Amino acid sequence: MSVENNITELRKELPSTVKLVAVSKFMPNELIMEAYNAGQRDFGENRPQELNRKMAELPSDIRWHFLGHLQTNKIKLIIDSVSLIHSADSLRLISEIGKEAAKRGLVKDILIQQHISSEDTKQGFSSIEMEEAAIFARETTGIRVCGVMGMATYTDDMEQVRGEFRGLRLTFEKLKSTLFADDRAFEHISMGMSGDFPLAVEEGSTIVRVGTRIFGSRY
Ligand SMILES: *Cc1c(COP(=O)(O)O)cnc(C)c1O
């Protein structure tokens with residue numbers, strides 16, 4: 001299957017209200033352009049230098065999403081180029097993004113990352129820390145909180161994965177009703193990857209981040 005076909009097939013599986021971010025980390029420009037030519041405009045990367053290089057070489061109407069753990073000393077590299085940072089995973093990072101954005105007269109869109117998996121390698125706030133993080137982010141100049149993000153456990157146990165997605169959705173709904181009821185920008189639940197996006201969509205995802213299913217294996 002070609003990248004173009006993969007995109008077309010994937011779109012058929014997604015409700016029109018769910019945004020598809022094509023995760024293009026490690027993928028060459030030629031493959032990204034195949035997706036672009038199939039109409040794809042949202043792409044996700046997790047390394048600042050790679051993102052910047054691709055942004056310089058590829059069409060300017062691409063919206064770049066930052067997905068990986070972001071070190072505070074790398075914020076400067078991507079702050080002008082990314083449309084949405086999915087991985088705000090510490091108060092310090094949120095504060096520093098706000099500071100860099102404010103310096104430039106920008107307001108940066110972020111999602112607050114919740115640690116929903118049972119693996120301890122993945123970044124993010126615990127479910128109980130999410131409220132404090134959301135309040136902090138809401139009060140930070142230069143930041144606009146657009147929702148939440150999470151990565152489920154890498155497992156075949158789909159009931160576990162479903163439960164993790166459901167937990168993220170519950171966090172979203174709680175924050176929405178308590179802190180962001182009047183804030184239309186707070187609208188996104190970024191969850192679902194190649195192996196689990198159908199479940200994520202069933203559980204209320206509004207943004208899926210899909211790499212392998214589009215571009216093939218990275219290894
Ligand atoms: C790599 C990555 C993805 C895409 O994973 P696939 O399994 O290739 O679809 C999604 N989200 C994040 C945060 C990633 O790092």
Side-chain angles (χ1 to χ4, degrees), residues 10-11 13-25 42-47 65-70 84-94 109-138 145-181 183 185-215 217-219:
L10 195 48
R11 285 232 187 82
E13 290 176 46
L14 295 172
S16 59
T17 50
V18 172
K19 187 194 281 280
L20 170 62
V21 173
V23 180
S24 50
K25 60 191 185 196
D42 291 273
F43 290 88
E45 292 282 338
N46 67 349
R47 295 188 301 181
H65 296 247
F66 194 83
L67 307 174
H69 176 59
L70 179 58
L84 179 62
I85 298 172
H86 290 232
S87 45
D89 59 7
S90 74
L91 299 184
R92 174 151 179 266
L93 179 61
I94 292 167
D109 286 350
I110 67 161
L111 304 178
I112 301 177
Q113 183 171 357
Q114 181 174 334
H115 179 111
I116 59 172
S117 85
S118 63
E119 296 147 29
D120 43 343
T121 51
K122 301 222 170 83
Q123 314 287 332
F125 296 98
S126 72
S127 62
I128 32 177
E129 292 167 335
M130 284 295 280
E131 184 176 10
E132 183 196 354
I135 292 170
F136 181 83
R138 196 182 58 167
V145 189
C146 297
V148 298
M149 179 271 215
M151 283 172 89
T153 305
Y154 188 72
T155 171
D156 292 337
D157 183 348
M158 285 300 142
E159 284 316 299
Q160 179 179 349
V161 170
R162 184 186 290 282
E164 291 171 358
F165 287 148
R166 193 164 289 176
L168 186 60
R169 160 117 188 230
L170 284 175
T171 299
F172 173 83
E173 282 173 354
K174 190 170 128 216
L175 296 177
K176 182 74 194 170
S177 62
T178 56
L179 298 173
F180 297 98
D183 184 349
F186 190 85
E187 59 173 345
H188 284 300
I189 308 175
S190 169
M191 61 184 186
M193 307 174 23
S194 293
D196 56 22
F197 72 86
L199 270 185
V201 168
E202 283 174 27
E203 295 301 329
S205 172
T206 69
I207 304 179
V208 294
R209 313 174 309 268
V210 179
T212 313
R213 247 300 286 276
I214 296 172
F215 295 110
S217 171
R218 289 180 287 273
Y219 307 104

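The model shown is predicted, which means the values in this text are computed figures rather than measured ones.
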Could you pull out all residues at least two apart from Phe180 that satisfy ring-ring contact (aromatic ring centres under 6.0 Å, His included)? Phe186

Distance check, rounded to the nearest 0.5 Å: Leu70 atom CG versus Leu93 atom CG? 5.0 Å

Reported CG-to-CE distance for the pair Asp89 and Met149, which is rounded to 0.5 angstrom: 9.0 Å

Got a donor-acceptor contact below 3.5 angstrom from the His115 side chain to the Ser117 backbone? yes

Residue pair Thr153 / Ser118: nearest heavy atoms and the distance that separates them: OG1-N, 2.8 Å

For residues Ile94 and Ala133, report the shortest heavy-atom separation together with the two atoms involved. CD1-O, 4.4 Å

CG/Asp183 to CG/Leu175 distance, rounded to the nearest 0.5 angstrom? 11.5 Å

Please tell me if the side chains of Leu168 and Gln114 come closer than 4.5 Å, counting only heavy atoms from C-beta onward. yes

Closest heavy-atom pair and its distance - Ala181, Ser177: CB-O, 4.0 Å

Side chains of Glu119 and Met151: closer than 4.5 Å at any heavy-atom pair? no

Minimum heavy-atom distance between Ser190 and Leu111, given as atom pair plus value: CB-CD1, 3.4 Å

Any donor and acceptor pair, going by atom type alone, linking the side chain of Arg138 with main-chain N or O of Leu179 inside 3.5 Å? yes

Side chain to side chain, Asp196 and Tyr154, heavy atoms closer than 4.5 Å: no

Atom OG1 in Thr171, atom CD1 in Ile112: separation rounded to 0.5 Å? 10.5 Å

According to ring-ring contact (aromatic ring centres under 6.0 Å, His included), who are the partners of Phe215, at least two apart in sequence or on a separate chain? none

Any donor-acceptor pair under 3.5 Å linking the side-chain atoms of Thr206 with those of Glu187? no

Salt bridge (charged side-chain N to carboxylate O under 4.0 Å, His left out) contacts in which one or both residues fall within residues 123-133, not counting sequence neighbours: none

Please check this pair: side chain of Arg218 against backbone of Lys25, looking for a donor-acceptor N/O pair closer than 3.5 Å. no

What distance separates Met193 CE from Ser205 OG, expressed to the nearest 0.5 Å? 12.0 Å

Residues in side chain to side chain donor-acceptor pair (under 3.5 Å) contact with Glu45, at least two apart in sequence or another chain: Ser24, Lys54

I want to check something: taking the side chain as every heavy atom from C-beta on, are Arg169 and Glu173 in contact at a cut-off of under 4.5 Å? yes

Does the side chain of Met130 reach to within under 4.5 Å of the side chain of Lys174, using non-hydrogen atoms? no

Least distance between heavy atoms, Val210 atom then Ser194 atom: CG1-OG, 3.4 Å

When every non-hydrogen atom of Gly44 is compared with those of Val21, the smallest separation belongs to N-CG1, 3.5 Å

Quick one: does Phe197's side chain get under 4.5 Å of Leu14's, heavy atoms only? yes

Exactly one candidate in Val208, Val23, Leu10 meets side chain to side chain contact (heavy atoms under 4.5 Å, CB included) with Arg213; the answer is Leu10

Do Gln113 and Ser87 touch side chain to side chain, with heavy atoms closer than 4.5 Å? yes

Using a 4.5 Å cut-off on heavy atoms from C-beta on, say whether the side chain of Ile116 contacts that of Met191. no

Test log, rule side chain to side chain contact (heavy atoms under 4.5 Å, CB included), inputs Glu164 and Gln160: CA-CA 6 Å; Glu164 291 171 358; Gln160 179 179 349; 3.0 Å; yes

By salt bridge (Lys or Arg N to Asp or Glu O under 4.0 Å) - contacts of Arg166 (at least two apart): Glu203

Non-neighbouring partners of Arg47 that pass salt bridge (Lys or Arg N to Asp or Glu O under 4.0 Å), sequence neighbours left out: Glu50

Approximate separation, where rounding is to 0.5 Å, of Asp42 CG and Leu84 CG: 9.0 Å

